[in-house]
Amino acid sequence: MTSEQIMNTGSVSGDCGSAQARARTHVQAYVQTQARQNGSSKDGSATNGPARNDSAKGGPSGRKHGLQRCHAMLRPVSLRALLPWLMSIIGIASALCLVIAWFPSTVWNTPIVSSDAPAHYYFIRRLLDEGLGAALHLWPHDSFYPPLFHICAYLVIKIAVLFGVQCSIYAAFNITWIIASGVIFPAGMLVLCRYFLQRWNRGNPISNPISRISQALSTSESSSVSESSNISNQQVPSAGNRQYHAASDATFVLRNLIGLFVPVLAVSSVCHPYGLLNAGPLIAFGFAMSLLPFLIAATLRLFDAIAAREHIAKWLAITAVAGAVCLVAHPRIAFTYALILVPFIVLRLPWKLILGAFIAMCVGAVAFVALMLTSFKSDRWANPDSWFHSHQPSKNLWESISFCLTDGLDGFPAILFALLLIAGTAAAFVCASRRAAARASDSFSSAASTVVPVASADVDVDASTSDIAVSAADSPVSVSCPPPASHSNATDAASASSESSRLRRNDRLRDVIALTAAFLLVALVYVCTVTLVGALPNIISAPWYRDENRIMTMLPLVALPLLVIGINALAECVSACAASASFAPSASSFSTKNSASSVPSLSSASAVSSVKNASFASNWIVLIAVFLVIAILAVSAQIVCPSRSAARDTIIAHSSLNQSDPNEQLTEQKIAVLRKVTKRTGTQATIISDPLNGSMYAETLFNANMLYPIINARTDVPSAPFGKVETAFASGDAQQVLGTVCPLTDAPEYFLTMGDQAQSLQSFPYRAQYDSFHNEELIDAYVDGGTLVKVADYSQYGQGWALYRFGCAD
C-alpha cells in the first residue's frame, strides 16, 4: 500500500468506529515508508529524480514547497475561523435592529403605566439617590429585590454623564431593556444552538452520508488501481480530496447559515422578550431570562467536561459565575433552569451526580415552600385547589398546544415553524438512531479486525468493496469503512476499544431525547397554566405564579435548539435520499467489475466520479434549500406578527396620556396636578396617597418624595412605613394617625387625593387595603378634626382632588 493510499484511507475513515487508531497506524506506516524511500535514494533514482530527492532530504526546494503548502492551508483555515464570527455579528445585529424597530417610541418621554413599572423606576431612582449600596435593599422597607437590571440602568445614566449627556430614568430603563433583549438574549440563544450543532456534527466533518459513501468507494478503487497503474493512483485521491473538501464546505456553510438566523428567530416570537415588557412589565424576570441561555450552555459544557474527565474545574467556575449572575437578576429563574436541565441531568450524568442533583432540587423546593409559608400569610395553603382562585383559563387545549408547537408565532410562519419542528425532530431521531446502529456495527467490526489481521492489500480491497456494496444495498446512511491495516498492535486495539466505548454514548440520540423531553415539560407547564384548572395544575405552575407571561418565555429556549438540530438532520436525510439512487447502480457496477478481475478497468473511475458528482450536487442543493426555508421563516415572521404588534400597541396605549377614563393611572390632568403638587411641597416633604391612582409616578416624573410608590405594600415587615400609615389611616383614630405620620421625617407630611383607583389595576389582589385613602367620609372626618388641613384644591381637574397637610407640630 503506497503513501497516497495510506493518506487517502486515513482521510475518509474519520467516521468509523476506530478512526483514531487507524489514523495513528497510517501515520506510522507513512513515516516508515518515507524513511525507507530516503534510505534507498541517497544517490538519486530515475524514478524520483533530483527534485524529489531534494525535497525528501529537506533541501531548499523542499522547504520552499513546504512553506507554500503551509500558506495554502492557513488561508482557508483563517476564512473558516472568520466566517462563524461574521455570521454571528450579522445575526445579532439583525436581531438588535428588529427589537429597536419594534420598541414603542412613546415610552422614551413618559413611563409605562402598568402594575410593576413604577416599582422599577423607583428602584433606579433609589440607586441614584443612595448609590450602589442600596442595591441589596431596594424595597422601601429595606428588603432585598433582584437588582441587576436596575444596576445596569444606573450605570447607563452614570456613563452618559461622563460624556456630558443627561439620561433620564425612562431612557436608561429602555436602553437596558433593548440591550438585554436585542443583544444578550439572541447572543445567548446563538451560543446554545451552536453548542448542540457542534455536538451533532462532532467527529463527523462531512455530515452528508453520501459524501462518505463516495469517498469510501474512491478509496477502495484507488487501492486496487494502484497495483497496476500509478496514474490512477495519483488522480483518484486528488479528486476524492477535492470532493471531501467540497462536502465539508457545504456542511460548514450550512451550520453557519443556521447560526445566522438563530438570533433573528430568537426575537421573532412574542414569547420573549416582548411579552414581558407588556406584562407589568416583568423587567427583572425578563432580564434573567435573557441571561439564562448562557447558563444552560455553560452547564451542558460542564456535563461534557465531567464525561471527559477534563477541564472540570474550568467549566464548574464558569457555570458558578453564570448562575450567580442569573440569580442576582432574578432568583425565580432557578425553576426554569431546573425544569429544562432535568432531562440532560438524567441522560448525561453518572448516577451519583444525578442523585446529588435531585437532592439539591428537593432541598431547594423545601426552602422555597418554607419561604412562601413564612412570607405570605394565607389560610389556603392546605388546599391547593383554592390557590390562584382568581385565575381564569385563557386558551383551550388545542390553542395552548399549537402555541407551544409554533413558538408563539402567527399565521404562515407559525405553520412553517411547527412543520419544521415536527419533521426535524422525527428526522433527528431517525438519524441519531441510524448513526448509533452504524457506530455499534463499526465498533464490532473494528474489534474483530484487531484480532484477525488481514493477509494482504488485495484482501483489503475485496473486503472493503464488499462491505460498501452490502451497506449501500441495505442502507446508504450506515456505510462500513475499510478495515485497518494488518500491522495493528495491542496499543491500537486498546485505543480502538476506548474509542468504541466513547462512541457508544450516542451523544446525538441523547441530545434529541433530552431536548424533546425538555420541550414536553415546558409545554406541560404552559398547558397547565393557560388551560387546566384544579389542584395539580396549580401545584405545577405555582413556581411561576401561574402566570402565562413567565412560562411562555421558556418556549424559545427548547424550541429553537430542537428546530436547529432538526433542520440539520433533515438536511442529512434529504441528501441521503437524493444521492442513494445514483449510488446504487454505480456501486453494483463497480462490484461486478471487481469480481471479474482483481484489477478493475479504468472505466470504474467514471462510476466513482458520477457518485461524487451526485454527492456534490446533493450537498449544495440541500444547502440552498435549507437557506431558502430558514430565510422564508425568518422574514415572514417579521411580516406576519399580529401578536407582537398587539403587544406594542398595548404598551403605546399604556404610555399615552389621552385616556377616556379620568381615573386612569396617568392622564394629562394628573400630570398637571402632580407637577403643581411637587412645586408646592418641594422634593423633601413626604407625600402620602393611594398608590393605585397614579400618584406614585411623581417619584420619577418630578422627583417628589412619595412615601411608598410601590403597589404591593407589606404590613408584616417591621420597617414598612407605608403599611403602618395605611393601618393607622384606616383606624379613624386621629391620635394614631398623627403619631404614625409625623415622626416619618423632619420635613412636612402631605396627603394627596386624586379620585378612585384606576380601572386597569382592578385585577390587583391587594387593592382593598388602600380603600381608606379614597374614603371621602373618613377624609372629611379627619379634616373636621384638624388632622388634615386642605392647602390646595384641584377640583377643576377631578371631583374631590385636593392636597392636604397633616396637622403635625412642625
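Sequence positions, counted from 1, serve as the residue numbers for this chain.
In this structure, the separation between CG on N549 and CG on N278 is 7.5 Å, given to the nearest 0.5 Å. Atom CG in L560 sits 5.5 Å away from atom SG in C193 (nearest 0.5 Å). To the nearest 0.5 Å, atom CG of residue L524 and atom CG of residue L520 are 9.0 Å apart. The structure places CG of L420 at 5.0 Å from CD1 of I567, a figure rounded to the nearest 0.5 Å. One finds the CD1 atom of I513 at 12.5 Å from the OG1 atom of T425 (value rounded to the nearest 0.5 Å). In this structure, CG in L316 is found 16.0 Å from CZ in R301, a value given to the nearest 0.5 Å.
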Evaluate the criterion side-chain contact (heavy atoms from CB on, under 4.5 Å) for residue pair V558 and L562; output intermediate values, then yes/no.
CA-CA 6 Å; V558 289; L562 194 58; over 6 Å; no

Using the side-chain contact (heavy atoms from CB on, under 4.5 Å) rule, take F196 and L300 through it: C-alpha gap first, then chi angles, then the decisive distance, then the call.
CA-CA 10 Å; F196 286 108; L300 295 177; 3.6 Å; yes

Using the side-chain contact (heavy atoms from CB on, under 4.5 Å) rule, take T553 and C271 through it: C-alpha gap first, then chi angles, then the decisive distance, then the call.
CA-CA 5 Å; T553 58; C271 294; 5.8 Å; no

Could you walk me through whether F519 and L405 pass side-chain contact (heavy atoms from CB on, under 4.5 Å), step by step?
CA-CA 9 Å; F519 178 83; L405 291 176; 4.1 Å; yes

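The side chain to side chain contact (heavy atoms under 4.5 Å, CB included) test applied to A517 returns P343, not counting sequence neighbours.
Minimum interatomic distance between A569 and G424 (heavy atoms only, all atoms of both residues): CB-O, 4.4 Å. What you find for V267 and S181 is that their closest heavy atoms are CG1-O, 3.6 Å. Between L302 and I312, the closest heavy-atom pair is CD1-O, 3.8 Å. Listed here is the closest heavy atom pair of A428 and V512: CB-CG2, 3.7 Å. Nearest heavy-atom pair, C167 versus V156, reported as atom, atom and distance to 0.1 Å: SG-CG1, 4.3 Å. Residue Y274 comes nearest to S269 through the heavy atom pair CD1-O, 3.2 Å, listed as atom of the first residue, atom of the second, then distance.
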Just list the side-chain donor-acceptor pairs under 3.5 Å for residues 623-650, sequence neighbours left out, or say none.
| residue | atom | partner | partner atom | Å |
| --- | --- | --- | --- | --- |
| S636 | OG | I632 | O | 2.6 |
| S636 | OG | L633 | O | 3.2 |
| Q638 | OE1 | R644 | NH1 | 3.4 |
| Q638 | OE1 | R644 | NH2 | 3.2 |
| Q638 | NE2 | S268 | OG | 2.6 |
| Q638 | NE2 | A634 | O | 2.9 |
| S643 | OG | D410 | OD1 | 2.7 |
| S643 | OG | D410 | OD2 | 3.2 |
| R644 | NE | S268 | O | 3.2 |
| R644 | NH2 | A637 | O | 2.6 |
| S645 | OG | C641 | O | 3.0 |
| R648 | NE | W102 | O | 2.5 |
| T650 | OG1 | A646 | O | 2.8 |

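Residues P146 and F285 are not in side-chain contact: their nearest non-hydrogen atoms beyond the backbone lie 4.5 Å or more apart. Looking at heavy atoms from C-beta onward, W108 lies in side-chain contact with F103 at the 4.5 angstrom threshold. A heavy-atom distance below 4.5 Å is found between the side chains of L291 and L148. Residues I112 and F173 meet the side-chain proximity criterion, which asks for heavy atoms closer than 4.5 Å. Two residues are said to be in side-chain contact when any heavy atoms from C-beta on lie closer than 4.5 Å; I401 and Y526 fail this criterion. Between P561 and Y195 there is no side-chain heavy-atom pair separated by less than 4.5 Å. Side-chain contact between L192 and F294 is absent, with no heavy atoms from C-beta onward closer than 4.5 Å. Here the side chains of V564 and R194 are not in contact, with every heavy-atom distance at 4.5 Å or above.
Panel note: side chain R508, backbone W200; a donor-acceptor pair is recorded below 3.5 Å. Side chain of T406 to backbone of A418: no donor-acceptor contact under 3.5 angstrom is found.
Judged by a 6.0 Å distance limit and a 45° cone about the ring axis, R550 is not positioned over the six-membered ring of W544.
D304 pairs in a salt bridge (charged side-chain N to carboxylate O under 4.0 Å, His left out) with only one of the listed residues (R309, R510, R348), which is R348. Between W177 and the choices V107, V99, L276, the side-chain contact (heavy atoms from CB on, under 4.5 Å) rule is met once, by V99.
At a cut-off of 3.5 Å, with distance as the only test, a side-chain donor of S290 or H272 sits close to an acceptor on the other residue.
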